Engineer: 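Quick one: the structure is below, questions incoming.
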Amino acid sequence: MPSIGVFALQGDVREHLQTLTALGVDAFPVRRPSELERCDGLVLPGGESTTMAKLARTFELLDPLRERIHGGMPTFGTCAGMILLADRIEGGTSDQETIGGLDATVRRNAFGRQVDSFEADLELTGLDAPVHAVFIRAPWVEQTGPEVEVLAEAHGHPVAVRQGHLLATSFHPEVDGDGRVHRLFLELVAG
Ligand code: GLN
């Protein structure tokens, strides 16, 4: 049974833990480096990416996260988690740090005020039926490097991407109880 941590200094941690537990994995919150060491894979949840990065820095988790993730640990970022995985961000605060690893430019709060939060049924490469996607002040992927595969789009922009051991979605697959996107991630963990 793989051990999957969920970054838990801020964000919608509980929903990810529930989804992962329902899929039969050992899922636990990660707040300190010793917990990170136990992980076969990691989820970076939705939340507020600026706060998450600051807290990770304060709790001395940012550099260990970079080490593990850049070292190949399978990692799944949702919404703010996608922002944390991005090598480059648009619309961030001037001092906003990311963990990085995903060769992409991600724009924060990209859908603008009109479609601030919305839901859509999306085709996602690797799934045989559309996934119900919930977007909450979501980012989109603005530019991708050659290693990045786009798995889904909304409003003409990539909203689910994969690069090797990294998976990221603009939306929140943890909120509607459909575990299929998490299962795709667990396939990455299984290698
Ligand atoms: N807008 C948030 C940010 O920039 C992300 C929103 C979310 O995770 N639901 O961090």
Side-chain angles (χ1 to χ4, degrees), residues 4-20 27 29-31 41-59 61-62 65-66 69 75-122 124 131-144 150-163 166-179 181-182 184-185:
I4 309 294
V6 179
F7 174 94
L9 293 176
Q10 200 259 341
D12 61 338
V13 178
R14 196 183 44 156
E15 292 82 353
H16 278 289
L17 289 174
Q18 282 169 350
T19 307
L20 290 164
V30 170
R31 297 191 184 85
L42 181 75
V43 171
L44 298 168
E48 182 53 47
S49 57
T50 51
T51 308
M52 289 162 85
K54 275 188 198 145
L55 289 172
R57 168 70 67 207
T58 304
F59 286 83
L61 203 55
L62 192 60
L65 280 166
R66 284 179 174 149
I69 293 172
T75 303
F76 178 22
T78 63
C79 204
M82 171 192 264
I83 298 166
L84 287 172
L85 279 181
D87 282 343
R88 300 168 293 282
I89 52 178
E90 292 285 347
T93 59
S94 57
D95 59 345
Q96 184 167 353
E97 292 189 278
T98 71
I99 297 165
L102 184 68
D103 182 11
T105 305
V106 170
R107 178 172 293 278
R108 290 181 70 207
N109 304 322
F111 291 92
R113 277 174 189 273
Q114 248 86 78
V115 282
D116 193 19
S117 298
F118 63 100
E119 303 185 14
D121 291 319
L122 302 179
L124 197 146
V131 65
H132 188 70
V134 176
F135 294 82
I136 305 166
R137 286 176 294 105
W140 68 41
V141 178
E142 198 137 299
Q143 174 272 337
T144 54
V150 175
L151 304 179
E153 296 194 350
H155 294 266
H157 297 274
V159 292
V161 293
R162 183 192 159 179
Q163 177 192 326
L166 304 178
L167 178 68
T169 63
S170 302
F171 54 90
H172 291 269
E174 72 283 10
V175 299
D176 67 351
D178 177 343
V181 184
H182 287 76
L184 276 185
F185 174 58

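Every number for a ligand or one of its atoms is a count from 1 in the order of the listing. All of these numbers come straight from a predicted model, not from anything done at the bench.
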Engineer: Can you check whether G101's main-chain N or O pairs, donor with acceptor, with D87's side chain at less than 3.5 Å?
Structural biologist: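 Here the side-chain-to-backbone pair exists.
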Engineer: For ligand 1, which atoms sit closer than 4.0 Å to a heavy atom of G46?
Structural biologist: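 In order of numbering, the contacting atoms are 8 (O).
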Engineer: L151 versus L167: any side-chain heavy-atom pair under 4.5 Å?
Structural biologist: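 Side-chain contact under 4.5 Å: yes.
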Engineer: Contact between P45 and E15 at the side-chain level, heavy atoms closer than 4.5 Å - yes or no?
Structural biologist: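 Not in contact.
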Engineer: Checking the side chain of R66 only, and the main-chain atoms of T98 only, is there a donor and an acceptor separated by less than 3.5 Å?
Structural biologist: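 It does hold such a pair.
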Engineer: Considering only protein heavy atoms, which is closest to atom 10 (O) of ligand 1, and at what distance to one decimal place?
Structural biologist: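 Sorting protein heavy atoms by distance from atom 10 (O) of ligand 1 puts S49 N, 2.6 Å first.
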Engineer: For atom 4 (O) of ligand 1, grab the closest protein heavy atom and report residue, atom and distance to one decimal in Å.
Structural biologist: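 That would be R108 NE, 2.7 Å.
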Engineer: Starting from atom 5 (C) of ligand 1, which protein heavy atom do you reach first, and at what distance in Å?
Structural biologist: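 Going atom by atom, the protein heavy atom closest to atom 5 (C) of ligand 1 ends up being G47 O, 3.3 Å.
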Engineer: Centroid-to-centroid, H155 to F118, below 6.0 Å?
Structural biologist: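 Yes - the distance between ring centres of H155 and F118 falls below the 6.0 Å cut-off.
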Engineer: Do T78 and H16 pair up side chain to side chain, a donor and an acceptor below 3.5 Å, judged on atom types alone?
Structural biologist: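 Note: T78 and H16 side chains meet the donor-acceptor criterion.
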Engineer: What part of R137, side chain, backbone, both or neither, has a heavy atom within less than 4.0 angstrom of ligand 1?
Structural biologist: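 Under 4.0 Å from ligand 1, R137 contributes backbone and side-chain atoms.
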Engineer: Determine the sole option in L184, T169, D178 for which the side chain to side chain contact (heavy atoms under 4.5 Å, CB included) test with V131 is passed.
Structural biologist: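 Of all the options given, the one that passes is D178.
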Engineer: Would you mind listing which atoms of ligand 1 come within a distance below 4.0 Å of any non-hydrogen atom of I83?
Structural biologist: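 Those atoms are 3 (C), 4 (O), 10 (O).
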Engineer: Check whether any heavy atom of H172 sits under 4.0 Å from an atom of ligand 1.
Structural biologist: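 Judged by the 4.0 Å heavy-atom criterion, H172 does count as contacting ligand 1.
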Engineer: Tell me the nearest of S170, C79, S117 to atom 6 (C) of ligand 1, using heavy-atom distances.
Structural biologist: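 Result: the heavy atom closest to atom 6 (C) of ligand 1 is in C79.
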Engineer: Of the protein's non-hydrogen atoms, which lies at the shortest distance from atom 1 (N) of ligand 1, and what is that distance?
Structural biologist: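 Going by distance alone, atom 1 (N) of ligand 1 is nearest to N109 OD1, 2.7 Å.
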